[in-house]
Amino acid sequence: MTDAVLILILAGLAVFVGAVVQGGVGFGLGLVAAPVLTMLDPTLMPGSIQVVNATLPLFTLAVEWRRADWRGLGFALLGRLPGSAIGAVIVVHVSATSLGVFVGVMVLIAVALTARAVAVPRNGWTTTAAGFASGVTGTATGIGGPPMGLVYQNARGPEIRATLAAFFFLSASQSLLILWWVDRLPARALWSGALLIPFLVVGFLVSGPLRRHLDGGGVRRAVLVVAALSALALVAQSLL
């Protein structure tokens, strides 16, 4: 077995698990796949993860698009535009280690406060702020789900998944364009991302039973767990 095939299999397994998590909770693909891809081949990041980030939401939207919070999505995208620009500057100029550790710690603090019943209100300001934070971290590291997940944690499962799916599709597409603009999107990253799509499809199909279970009342708890794990993965990815 060649090194390239082994990398594809390991990366594919990470994408599969990430797709199962995101298919059930609404986000989490970057949580699992981004650190693994970074450790396997840093030259593929963040372009390859953005390819799968832009693809998976299409399957969710095909099933649940009617449940999306389109007004909230508009506020999130308003914040996402400048956030993506800052994320691109970070990719080119700023240490990813410093950013990843800082963002990860901030998310962990937010999860701890939320778990202790400190509510995160969902309004135009908080949704725009979450979109901005997601734009920065998503473009720079490929992990942009926790800020949006925390804002929508008290929504119903289908609303969370549909809204975040629309947001992630548009934001990942935007990040790909920005990475291309700043010359940080090699063709090899695009091809590698395309090769991971079959693993993504299987993961989404497997997530069906998980969606039914979480919609029965466990979605808020799952969002907090995934957000915390995402933050820890981001810190670990940055330090490694």
Side-chain angles (χ1 to χ4, degrees), residues 11-34 37 46 48-77 80 84 122 127 130-131 134-135 137-139 142-176 193-227 229-230 233:
L13 289 174
V15 168
F16 165 78
V17 175
V20 172
V21 174
Q22 184 158 317
V25 178
F27 70 103
L29 177 58
L31 150 71
V32 179
L37 285 171
S48 58
I49 194 65
Q50 295 296 3
V51 172
V52 293
N53 279 343
T55 304
L56 179 58
L58 297 177
F59 295 94
T60 300
L61 288 172
V63 177
E64 297 180 310
W65 67 271
R66 293 179 180 83
R67 304 297 186 91
D69 174 19
W70 298 106
R71 181 176 180 273
L73 177 64
F75 283 113
L77 292 175
R80 223 280 178 178
S84 296
R122 181 168 27 129
T127 308
S134 181
T137 62
T139 300
I143 300 176
M148 292 293 294
L150 290 175
V151 170
Y152 277 89
Q153 63 179 292
N154 290 316
R156 294 182 178 275
E159 182 182 8
I160 293 177
R161 291 190 295 267
T163 304
L164 296 190
F167 177 78
F168 290 146
F169 169 71
L170 294 172
S171 59
S173 301
Q174 180 191 68
S175 292
L176 287 169
L195 290 174
L196 294 172
I197 291 176
F199 297 92
L200 178 152
V201 173
V202 176
F204 177 78
L205 294 175
V206 171
S207 71
L210 180 61
R211 289 196 295 273
R212 290 191 291 271
H213 172 72
L214 293 175
D215 289 348
V219 67
R220 180 180 183 273
R221 184 167 55 252
V223 165
L224 293 177
V225 170
V226 172
L229 291 176
S230 182

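Here the structure is a predicted model, which is why all the values come from computation and not from measurement.
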Taking the side chain as C-beta and beyond, is there a heavy-atom pair between Leu29 and Val15 under 4.5 Å?
yes
Shortest non-hydrogen pair, Ile49 vs Ala33, comes out as CD1-CB, 3.5 Å
Look at the side chain of Arg122 and the backbone N and O of Thr127, then say whether any donor-acceptor pair between them is shorter than 3.5 Å.
no
List in chain and number order the residues that pass side-chain contact (heavy atoms from CB on, under 4.5 Å) with Leu77, two or more places apart in sequence or in another chain; answer none if no residue qualifies.
Leu73, Phe167, Leu170
Show which side-chain atoms of residues 201-209 pair as donor or acceptor with protein atoms under 3.5 Å away, not counting sequence neighbours.
{"unit_1": "Ser207", "atom_1": "OG", "unit_2": "Phe204", "atom_2": "O", "d": "2.6"}
{"unit_1": "Ser207", "atom_1": "OG", "unit_2": "Arg211", "atom_2": "NH1", "d": "2.7"}

Can you give me the closest heavy-atom contact between Trp70 and Trp65, atom names plus distance?
CZ2-O, 3.6 Å
Which residues pass the side chain to side chain donor-acceptor pair (under 3.5 Å) test with Thr60, not counting sequence neighbours?
none
Does Pro158 offer a backbone N or O that forms a donor-acceptor pair with the side chain of Arg67 under 3.5 Å?
no
Which pair of non-hydrogen atoms, one from Ala165 and one from Leu61, has the smallest distance, and what is that distance?
CB-CG, 3.8 Å
Go through the structure and list residues passing side chain to side chain donor-acceptor pair (under 3.5 Å) with Gln22, not counting sequence neighbours.
none
Residue list, side-chain contact (heavy atoms from CB on, under 4.5 Å) with Thr163, at least two apart or on another chain:
Ala68, Asp69, Tyr152, Glu159
Closest heavy-atom pair, Ala11 versus Leu37, reported as atoms and distance to 0.1 Å, is CB-CD2, 3.3 Å
For Ser48, side chain to side chain donor-acceptor pair (under 3.5 Å) partners two or more places apart:
none
Here the pair of heavy atoms bringing Met148 nearest to Ala76 is CE-CB, 3.6 Å
Can you list everything that forms a side-chain contact (heavy atoms from CB on, under 4.5 Å) with Leu176? Sequence neighbours excluded, please.
Gln50, Val51, Leu185, Leu190
